[in-house]
**Student:** 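Take this structure, written in structure tokens, and hold onto it; I'll ask about it next.
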Number of protein chains: 2
Amino acid sequence: MQNELIKFMSKYVDITKELEVALIESSFIKQFLKGTILLKEGQISNECFFIFNGCIRSFYFEDGEEITTALYTEEQTVTPPTYGKNVPSKLYYECLEDIIVTVGTPDLENEMYAKHPQLETLSRIVGNRIIANYQEELFDFKHSTNEQRYLRLQETRPDLFQRVPLNIIASYLGMKPESLSRIRKRLHLKTKKI
Amino acid sequence: MQNELIKFMSKYVDITKELEVALIESSFIKQFLKGTILLKEGQISNECFFIFNGCIRSFYFEDGEEITTALYTEEQTVTPPTYGKNVPSKLYYECLEDIIVTVGTPDLENEMYAKHPQLETLSRIVGNRIIANYQEELFDFKHSTNEQRYLRLQETRPDLFQRVPLNIIASYLGMKPESLSRIRKRLHLKTKKI
DNA sequence: AATTACCCTTGACTTAAGTTAAGAAAACAC
DNA sequence: GTGTTTTCTTAACTTAAGTCAAGGGTAATT
């Protein structure tokens, strides 16, 4: 199981055998059942996650309505915006499926950075990669229509449509379920006509 | 001038006197005139910037139209998504005003990280902060209307409206200049009625 | 001073999303 | 199995954004 984490990290930097052993020894693997709330609004966030298996969504309430902000699946890291900061979370984190994750905490992280400086380099590099991804996602989203957003998600994360209800996907895409339904209908008609 | 950079960094971690001196000695300060293109589409990006003064925008062409993806001003870092990667940039970076910046390169960065491990910690922490900001910006943008996006920009970066043409701001907000014009008209009418 | 280029606004029309309400369809519980 | 809840779709209506075209304003250029 830990190999997945090593594999993920190896994409970005060379992992020495020593570091690999340290990572495996220090990793806390946990399982949670579908429906588990990992973090509630108002709580302090002291945990981040790397998903081996399953799906997590983050959301908040606005006018009594759940707004889905993110959907995380295998090989993704889940770091609440308030992780390690002493401020209450605005977001809920909920397991949409049974999940298997490693759990990280600020203390554990700092301890590991002190022992293994390469890990800090790794963390910085992965961070830069994530920043570049967010930049691109934001730019793309800003300059596309709901239909293009739907099509892009189908291309980049087709699995989501097999495992997450459409109303949650609609919210994640920033539209109403009715709009998503209409878009899907339009596209089906087009493909049938061809 | 370098004090601004130190001030910026001090927000995130304690800067030792030794590091401060090293930063000041190693910093390349450059000036560019309004209209200068810092990076062109197709070029490799080997420079990042910290803005002391002025305004930079990034954009790309789509169907012959300029799409503005970002607007950077004082105390912001400008890191092209392809910075340090050996791939051609899709984006242009243009000075909307005369600017004063420090210029960073991957080589210089790595040299500094090797000499001053605290700087790597700093970089990691600032990176995490930037990630949290992008997350929030993306979530907010997804779940708001064009009018709310306009109002939020007015609150968070009112200076932009004094220094950047409205058609560029419209593009940055992901809408057409006509829409921005109508939104401003609607809002002016509302405030006058009250 | 006249010309040009650029920026901003306006109006008419088209298209799509939000809203409200209602009803299938599917999943779940008992 | 039946009943219940959740999810998904549809329709009618309202509202707002995109599109196209035109015109006014302002600053820069010659």
Side-chain angles (χ1 to χ4, degrees), chain A residues 33-36 55 57 59 61-68 71 92 94-98 140-154 160-193, chain B residues 33-35 55 57 59 61-68 71 94-98 140-154 160-193:
Chain A
L33 293 180
K34 177 176 175 171
T36 305
C55 181
R57 78 157 174 150
F59 65 96
F61 282 96
E62 194 168 80
D63 308 327
E65 191 188 3
E66 290 181 7
I67 311 278
T68 295
L71 295 168
Y92 289 79
E94 174 198 17
C95 302
L96 290 186
E97 304 170 354
D98 296 353
D140 279 352
F141 191 92
K142 276 188 179 179
H143 299 101
S144 49
T145 63
N146 279 347
E147 184 174 314
Q148 291 170 323
R149 288 163 190 156
Y150 167 74
L151 289 170
R152 188 178 313 122
L153 191 65
Q154 262 200 333
L160 288 183
F161 294 88
Q162 308 307 318
R163 55 204 293 192
V164 179
L166 286 176
N167 58 351
I168 290 181
I169 289 181
S171 176
Y172 174 59
L173 287 170
M175 63 179 92
K176 301 291 164 186
E178 293 88 337
S179 292
L180 181 55
S181 198
R182 277 191 293 241
I183 287 170
R184 287 164 60 86
K185 189 181 179 183
R186 271 206 305 269
L187 293 173
H188 286 140
L189 289 176
K190 277 188 194 168
T191 53
K192 274 180 190 167
K193 275 184 190 166
Chain B
L33 293 179
K34 175 177 177 173
C55 181
R57 78 157 173 150
F59 64 95
F61 281 97
E62 194 168 78
D63 307 329
E65 192 187 3
E66 290 182 6
I67 311 279
T68 295
L71 294 169
E94 174 197 18
C95 304
L96 290 186
E97 304 170 353
D98 296 352
D140 279 352
F141 192 91
K142 277 188 179 180
H143 299 101
S144 48
T145 62
N146 279 348
E147 183 174 315
Q148 291 170 323
R149 288 165 191 155
Y150 166 73
L151 289 170
R152 187 178 311 121
L153 191 65
Q154 262 200 333
L160 289 184
F161 294 89
Q162 309 304 319
R163 57 204 292 191
V164 179
L166 285 176
N167 58 349
I168 290 181
I169 290 181
S171 176
Y172 174 59
L173 287 171
M175 63 178 92
K176 301 292 164 187
E178 293 91 333
S179 292
L180 180 55
S181 196
R182 279 190 292 242
I183 286 170
R184 286 164 61 87
K185 190 180 178 185
R186 271 205 306 270
L187 293 172
H188 286 140
L189 289 177
K190 275 188 196 168
T191 52
K192 276 181 190 167
K193 275 183 189 169

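Every chain is numbered from 1 and lettered A, B, ... according to where its sequence line falls, protein lines coming before strand lines.
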**Student:** What nucleotide among C:dG18, D:dA17, D:dT9 has an atom nearest to a side-chain atom of A:K176?
**Tutor:**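 Output: C:dG18.
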
**Student:** Step by step, work out the side-chain contact (heavy atoms from CB on, under 4.5 Å) result for B:L153 and B:F161.
**Tutor:** CA-CA 9 Å; B:L153 191 65; B:F161 294 89; 3.9 Å; yes

**Student:** Between P on D:dT7 and CZ on A:R184, what's the gap in Å once rounded to a whole number?
**Tutor:**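 To the nearest whole Å, that distance equals 15 Å.
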
**Student:** Could you work out which one of D:dC8, C:dG18, D:dC20 sits closest to the side chain of B:E178?
**Tutor:**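 The closest nucleotide is D:dC20.
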
**Student:** Starting at OH of A:Y150 and ending at P of D:dC8, how long is that distance when rounded to a whole Å?
**Tutor:**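 Rounding to the nearest Å, OH of A:Y150 and P of D:dC8 are 12 Å apart.
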
**Student:** To the nearest 0.5 angstrom, please state how far the NZ atom of A:K34 sits from the SG atom of A:C55.
**Tutor:**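 Here the rounded value is 10.5 Å.
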
**Student:** Using the six-membered ring wherever Trp is involved, compare the ring planes of A:F59 and A:Y92 and label them parallel, tilted or perpendicular (cut-offs 30° and 60°).
**Tutor:**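 Geometry flag for A:Y92 against A:F59: parallel rings.
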
**Student:** Tell me the interatomic distance from B:E147, atom CD, to D:dG18, atom P, rounded to whole angstroms.
**Tutor:**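 My rounded result for the distance is 14 Å.
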
**Student:** Does a side-chain N or O from A:R186 land closer than 4.0 Å to OP1 or OP2 of C:dA17, or not?
**Tutor:**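 Yes.
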
**Student:** Starting the side chain at C-beta, find the nucleotide from D:dT9, D:dG18, D:dA16 nearest to A:S181.
**Tutor:**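 Nearest listed nucleotide: D:dT9.
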
**Student:** How many Å lie between CE on A:M175 and C1' on D:dC8, as a whole number?
**Tutor:**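 Those two atoms, CE and C1', are 15 Å apart.
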
**Student:** Tell me which nucleotide among D:dT9, C:dA17, D:dA16 gets nearest to the side chain of A:I183.
**Tutor:**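 The closest nucleotide is C:dA17.
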
**Student:** Give the rounded distance in Å between these two atoms: CG of B:L173 and C1' of D:dA16.
**Tutor:**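 Taking CG of B:L173 and C1' of D:dA16, I get 16 Å after rounding.
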
**Student:** Tell me: CG of A:L166 to P of D:dT9, nearest whole Å?
**Tutor:**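 Answer to the nearest Å: 6 Å.
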
**Student:** Tell me: CZ of B:R149 to C1' of C:dA17, nearest whole Å?
**Tutor:**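 Taking atom C1' of C:dA17 as the reference, CZ of B:R149 is at 12 Å.
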
**Student:** Would you kindly give the NE2-to-P distance between A:H143 and D:dG18, to the nearest whole Å?
**Tutor:**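 Going from A:H143 (NE2) to D:dG18 (P), I get 11 Å.
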
**Student:** Find the distance between CZ (A:R149) and NE2 (A:H143) and round it off to the nearest 0.5 Å.
**Tutor:**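 Interatomic distance, A:R149 CZ to A:H143 NE2, rounded to 0.5 Å: 10.0 Å.
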
**Student:** Can you check whether any acceptor in the base of C:dG11 is under 3.5 Å from a donor in the side chain of B:R182, or vice versa?
**Tutor:**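 Not at all, since no donor on one side and acceptor on the other fall under 3.5 Å apart.
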
**Student:** State which of D:dT9, C:dG11, C:dA16 makes the closest approach to the side chain of B:K185.
**Tutor:**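 The answer is C:dG11, which lies nearest to the side chain.
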
**Student:** Could you work out which one of C:dC7, D:dC8, D:dT9 sits closest to the side chain of B:P165?
**Tutor:**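 So the side chain of B:P165 is nearest to C:dC7.
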
**Student:** Could you go through the side-chain contact (heavy atoms from CB on, under 4.5 Å) check for A:L71 and A:L96 one step at a time?
**Tutor:** CA-CA 9 Å; A:L71 295 168; A:L96 290 186; 4.0 Å; yes

**Student:** Go through D:dT10, D:dT7, C:dC7 for me and flag the one nearest to the A:N167 side chain.
**Tutor:**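 So the nucleotide nearest the side chain must be D:dT7.
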
